Amino acid sequence: MVVSEFIPSTNLNLPNNGKIAWKSPSNIALVKYWGKKENQIPANPSISFTLDACATRTNLTFEKLSKPSQNFSFNLLFEGEPKPDFKPKIETFFRRIEPYLPFLKDYHFTIETTNSFPHSSGIASSASGMAALSLCLLDIERSSKSQMTVDFFNKKASFLARLGSGSACRSISGSLIQWGKNDHIQNSSDLFGVKYPYKMAPVFENYHDTILLVHKGQKTVSSTVGHGLMKGHPFAEKRFEQAHQNLNKLQTIFAEGNLDEFIEIVESEALTLHAMMMTSIPYFLLMKPETLAIIEKIWNFRKKTGLHACFTLDAGANVHLLYPEAEKTETIQFVKDELVVHCENGHYICDRVGNGSKKLISL
Ligand code: PMV
């Protein structure tokens, strides 16, 4: 598909007002997106498990203005309170998606958003938040076009979400989503996420992700800045190549359910992501001493028990502990016995692979 296919015709017959709500989950990348080109086009492809418990719920109320406004007209309530610091990000998002939803200035919107995960848990809500908002806005366009297929709707929602936050494009559907062009993955695209189209062994269908909340504060360096530092990075080209190779290797691993090989790729991807941060100029560190302590304990646990718990990291200090359903009893016991002590206030979140966004209120 090409970008122009997401531009609707100008004679949309849209409602005067209405209310829509969507719930979108977060996701955790196995092969990481780090580095981008213009318009949030990824420098390398990525793949993620869609999560289930960590999600954003967004209610969108809209009302037609008597005449189109000069600027975007909206109120934003986060957990029931006005949140002026989020407004610039939404304004930028509206500006980027306006060519594809040309009716945005015709309405006043009230955006009410809540997260299922605790406020300032260190879990970014941009992926789930931008996915939920994109779905709500696109539903307004869909209301005028009964012939919009589910496939097109999901692609366009992912395309719009990408323009809010790159990884958000992987939060529309479940359970394994690939984003970014890769020669060996049919229909893969830089423009939106697609469901992984090949065989996935049953062991991956209900994988667990226990998120160990090491540090709940603000990150010292945002992902936007981190992505930017991949421009001119001395290892960038090799890293981008490696992401393609890891995706190719995962195809066989997903089909065969080879957990040892899965672990090797997933942990290497997490450490490579942080190695890119440590070798950027300026260099920076997002891991904390507790992050490393947890990683070492996971390695020891695996060696001692022969089980398959492994870690991944996003752009922060928290550790995502991934493990198969069949090993959940021993692994959760390990979390309680050995890892909780490294979590801020002993907090962790039990999540698992999920099925994607859900509509809560229809137009
Ligand atoms: O979507 P962004 O711009 O917040 O970047 C996310 C980058 C990582 O979480 C580190 C990796 C990924 O693929 O999700």
Side-chain angles (χ1 to χ4, degrees), residues 24-51 54 56 86 89 92-93 96 117 121-134 158-172 176-182 188 190-194 196 209 211 215 218-231 233 236 239-240 242-244 246-247 250 265-280 284-287 291 311-320 322 351 353:
S24 293
S26 187
N27 67 73
I28 182 68
L30 306 169
V31 171
K32 309 287 179 180
Y33 148 62
W34 199 242
K36 58 180 156 186
K37 305 178 196 162
E38 285 288 287
N39 298 322
Q40 311 261 86
I41 296 297
N44 66 262
S46 57
I47 196 161
S48 55
F49 278 143
T50 308
L51 295 179
C54 288
T56 299
F86 283 7
K89 193 156 187 192
T92 306
F93 176 53
R96 287 185 189 157
F117 40 94
S121 57
I123 299 187
S125 57
S126 54
S128 50
M130 289 299 177
L133 182 55
S134 301
S158 175
F159 170 85
L160 298 172
R162 187 193 98 237
L163 297 173
S165 166
S167 58
C169 79
R170 300 188 310 239
S171 275
I172 303 297
L176 186 59
I177 303 295
Q178 139 86 38
W179 168 41
K181 189 84 199 120
N182 172 268
S188 59
D190 282 341
L191 301 179
F192 45 78
V194 293
Y196 178 72
D209 178 5
I211 309 165
H215 181 69
Q218 280 281 86
K219 285 187 293 195
T220 46
V221 179
S222 70
S223 358
T224 310
V225 171
H227 284 293
L229 293 175
M230 287 303 281
K231 289 218 172 77
H233 191 294
R239 159 61 198 149
F240 301 148
Q242 181 200 39
H244 282 270
N246 281 344
L247 265 174
L250 275 175
I265 296 213
V266 168
E267 292 192 343
S268 160
E269 276 287 323
L271 293 179
T272 302
L273 168 70
H274 284 258
M276 291 300 112
M277 299 171 188
M278 289 191 247
T279 48
S280 300
F284 61 104
L285 266 176
L286 295 182
M287 289 190 280
T291 313
F311 70 87
T312 187
L313 307 165
D314 57 16
N318 296 331
V319 180
H320 289 247
L322 304 178
D351 209 337
V353 169

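Counting convention: from 1, in listed order, for ligands and their atoms alike. Fair warning: this is a prediction, and the values are worked out from it, not measured in the lab.
Screening Asp314, Thr312, Asn246 against Lys32 for a side-chain hydrogen bond (donor to acceptor under 3.5 Å, both in side chains) leaves a single residue, Thr312. Among Asn27, Thr56, Thr50, the single residue meeting the side-chain hydrogen bond (donor to acceptor under 3.5 Å, both in side chains) criterion with Ser171 is Asn27.
Distances below 4.0 Å separate heavy atoms of Ala29 from the following atoms of ligand 1: 12 (C), 13 (O), 14 (O). For ligand 1 and Ala315, the ligand atoms under 4.0 Å from any heavy atom of the residue are 10 (C). Heavy-atom proximity to Ser167, at under 4.0 Å, picks out these atoms of ligand 1: 1 (O), 2 (P), 6 (C), 14 (O). Of all atoms in ligand 1, listed by their number and element, those nearer than 4.0 Å to a heavy atom of Gly166 are 1 (O).
Backbone and side-chain nitrogen or oxygen atoms of Asn27 are examined, and none is located within less than 3.5 angstrom of a nitrogen or oxygen of ligand 1. Residue contacts with ligand 1: His227 is placed with a nitrogen or oxygen under 3.5 Å of a nitrogen or oxygen of the ligand (distance criterion only). Looking at Ser165 next to ligand 1, an N or O pair under 3.5 Å apart turns up.
Looking at heavy atoms from C-beta onward, Met230 lies in side-chain contact with Trp34 at the 4.5 angstrom threshold.
A ring-centre distance under 6.0 Å is not found for Phe192 and Trp179.
Residue Arg170 holds its CZ atom at 12.5 Å from CZ of Phe49, rounded to the nearest 0.5 Å. Between atom CE of residue Met277 and atom OG1 of residue Thr279 there is a gap of 10.0 Å, rounded to the nearest 0.5 Å.
By the criterion of a heavy-atom distance under 4.0 Å, the side chain of Leu273, and not its backbone, is placed next to ligand 1. Under 4.0 angstrom from ligand 1, the non-hydrogen atoms of Ser223 all belong to its side chain.
In terms of heavy atoms, Val31 sits closest to Pro45 at CG1-O, 3.7 Å.
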Assess whether side-chain hydrogen bond (donor to acceptor under 3.5 Å, both in side chains) is satisfied between Thr272 and Arg239, documenting all intermediate values. CA-CA 8 Å; Thr272 302; Arg239 159 61 198 149; 5.2 Å; no
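Nearest protein heavy-atom contact of atom 9 (O) of ligand 1 is Asp314 CB, 3.9 Å. When only non-hydrogen protein atoms are considered, atom 7 (C) of ligand 1 lies nearest to Tyr33 O, 3.5 Å.
Closest to atom 14 (O) of ligand 1 by heavy atom, among Gln40, Arg170, His274, is Arg170.
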